[in-house]
Amino acid sequence: MSAVLEKPRPEHGTLPSRSHLDWLESEAIFILREVAGECANPVLFFSGGKDSIVLLRLAEKAFRPAKFPFPLMHVDTGHNFPEVIAFRDARAAELGERLIVRSVEDSIRRGTVKLRRFDESRNAAQSVTLLEAIAEFGFDAAIGGARRDEEKARAKERVFSFRDEFGQWDPKNQRPELWSLYNTRVAKGEHMRVFPISNWTELDVWQYLSRERLEVPSIYYAHRRPVVRRNGLLVPVTEITPPRAGETVEELSVRFRTVGDISCTCPVESVAATAAEVIAETVLTTVTERGATRMDDQTSEASMERRKKEGYF
Amino acid sequence: MSLLGEIERNAPAVGDLGVLRFITAGSVDDGKSTLIGRLLHDTRAILQDQLAAVARASSKRGQEDIDLSLLTDGLEAEREQGITIDVAYRYFATPRRKFIIADTPGHEQYTRNMVTGASIADAAVILIDARKGVLTQTRRHAAIAHLLGVRHVIVAVNKMDLVNHDEAVFERIRKEFLAFASALGIADLCFIPISALRGDLVVERGEAMAWYRGPALLAALEQIEVADEAGMLPLRFPVQLVVRPGTGTDFRGYAGRIESGTLLPGTELVALPSGQRTVVRDIVSLGKSLPLAVAGDSVTVVLADEIDVSRGDMLADPKRPARTTKAIEARICWLSTQLLAAGALPAARFVLKHTTRSVKARLVSLNSRIDVNTLEQQAAPAGLAMNDIAHVTLALAQPLFVDSYELNRATGCFILIDEVSNQTVAAGMIDG
């Protein structure tokens, strides 16, 4: 991956040049403010992951000194990394914003989520809990940190992405999106998913985290962790993901590029201890963020698209 | 190569020029997918697992070579049918700039998709097959790019390897295109002979066309200057939100994006529609004061006087304010699959969204339909079908603050939303 490395803006001069991060930041702030200006009851998904950490900084820049015009929400699969959950709670408290947590566990108790095995990945089950929460609070817009560079189906999604009354995405019938004139209109029961950092890449996110000196959960940086090698991935050894018979447990220096559900998120080998070192590794990487780390996307060429149609985030 | 060496290689020699958005236009056989694949591949934006997935998918279809078009076909139905349904966005970066490609496919929804992609594009790369020369489609691509205000057009004459890299072929195509394009008045036009398949003059220069002295395609894209265009225009600041923290503070700021011009403390402003004048007291961003903000910046502005301003209003240059109007003449592109018959105009209900302002609107008349292939106008059309472009007159329930699209894209564009279905049915560009 090649890189535009950040150069500080000039202090003086006639028209200062705007770096690519300035451009991306300004676009995302504009989108967040359009949500606040046009949607009656929005919410922002905050998982404690790096993309949603960026969203919170952008929201600060969009709305401070006022409070955010929406609460934060996380759908907890019950299989999240404890470091990330602790970070999530600490960051929400630090910002003084309201955090709603809804858990897949509750949907299982209600019987709306049925797992075939106790250790089955709960990643796809999140969609059910998510739609239940949207209905519970009557949200008409849900802001998320998805990026178009993550996955092929996402590359075709709008910034304001319409969901019907069943929470479904219809990729073949999306509203045309021109200029930055977003059509935010929905009928009762329908909602919008809004993606302010659609145009950011993994590298942009790390450059922004570095520029803004934003903290991220410790597992985004190199640490020693027991893993097993499976299908070309490093699978972390946890209670939920024990080693299989015949597999050898190794302790390696690794970091996570994404921090989703434990059952489907893998780290990569790394010695990067700072954002700058992660940027250096990202410039050199030969495998995409999801390709290196997600077991769930490898099941079929279209697995993300199918999950998204069912209401996945 | 060592890590440090690689970082140095990627470090900016001339500074970060920000973001350039461009569209690629060409028919299926012009090699558009191959060109995009080439740009992504040679700038290292395609990674091993993506290439491996494409190779798997190619061989599943019985293709021997890796089909780079599969990189851009994101949806299941597209891969099944071997077609591209919708606009897709691709990203790559060089040490100088980040690039966003709006990849707009051909076939029957072409105009609608290209209009969508072109609406945000700073530049258009129009592909011509060297063996075929300028086609009807080429003229359509140039016309749409120009209609949508794309200032910079690069004509890439592709498949030069199939015409023996012959300079005379390139020259003939260049002259033919120029004859057509000079009638349009494209501001910045350049021609580059390339072979997307072999990579000649895309990212690397190659050696096959030493007679060509200009930049390779990527270098040409890197050199395009876009930053100052909006900054030089009169101030336009559509207000998105009033920021009022409430209890314990009397802070009141106006949040929005500077669409054109510049702002600094002391800048004189007029608020539209009230007509009240004031000056900028402060520009704030997360507790800090900014000495200057330019077109494209999202900021919060604090004014010296308490005046009546809310979402949908505009702060503008008092010497050259936007035109306040309840009637507009515009060109629109009809985007909906539903036909709009001229006889149905009185009953049709629209919401028009312009900058941060939404107003009820009525289509008063369809004045003429523009044939995008010939640019000929047909008076008083019977109706509008998807992909049609027409001159229309609109009446608005409340005033808008507009400029002509040609002068200022951000304050000259609008969308029409069907009030009943909530669908976006048309894209509009206001006449001067």
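Below, read A as the first sequence line, B as the second, and so on, with proteins coming before strands; counting in each chain starts at 1.
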Where [X] and [Y] come nearest, the two heavy atoms and their spacing:
X       : Y       : value
F414(B) : M429(B) : CE2-N, 4.0 Å
P196(A) : A28(A)  : O-CB, 3.5 Å
V351(B) : S358(B) : CG1-CB, 3.9 Å

At a heavy-atom distance under 4.5 Å, which candidate from [options] has the highest pair count against chain A?
options                            : answer
N422(B), I120(B), V425(B)          : N422(B)
S285(B), A121(B), G246(B), G296(B) : G296(B)
T249(B), T356(B), V243(B)          : V243(B)
R257(B), R409(B), Q423(B)          : R257(B)

Where does [X] contact chain A at under 4.5 Å (heavy atoms): side chain, backbone, both or neither?
X       : value
T300(B) : both
Y91(B)  : side chain
E419(B) : both
L20(B)  : neither

Exercise for the section: Output all residues satisfying salt bridge (charged side-chain N to carboxylate O under 4.0 Å, His left out) with R91(A), sequence neighbours left out; order by chain, then residue number. Expected result: E60(A), E94(A)
Handout entry: Which residues share a salt bridge (charged side-chain N to carboxylate O under 4.0 Å, His left out) with R175(A), sequence neighbours left out
Key = none
Practice task
Identify which of E27(A), E190(A), R57(A), R158(A) forms the greatest number of heavy-atom pairs closer than 4.5 Å to chain B.
Solution key: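 The option with the most such pairs is R158(A).
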Exercise for the section: Answer yes or no: is there a side-chain heavy-atom contact under 4.5 Å between L335(B) and I415(B)? Expected result: no
Handout entry: Side-chain touch E277(A)/V271(A), heavy atoms, less than 4.5 angstrom
Key =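 Sidechains of V271(A) and E277(A): no contact.
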Handout entry: chain B contact via E34(A) - side chain, backbone, both or neither, heavy atoms under 4.5 Å
Key =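 For E34(A), the contact with chain B is made by backbone and side chain together.
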Fill in the blank from the handout: Bottom line for W23(A): the part with an atom under 4.5 Å from chain B's heavy atoms is side chain
Handout entry: SB check R357(B) D313(B) (cutoff 4.0 Å)
Key = yes
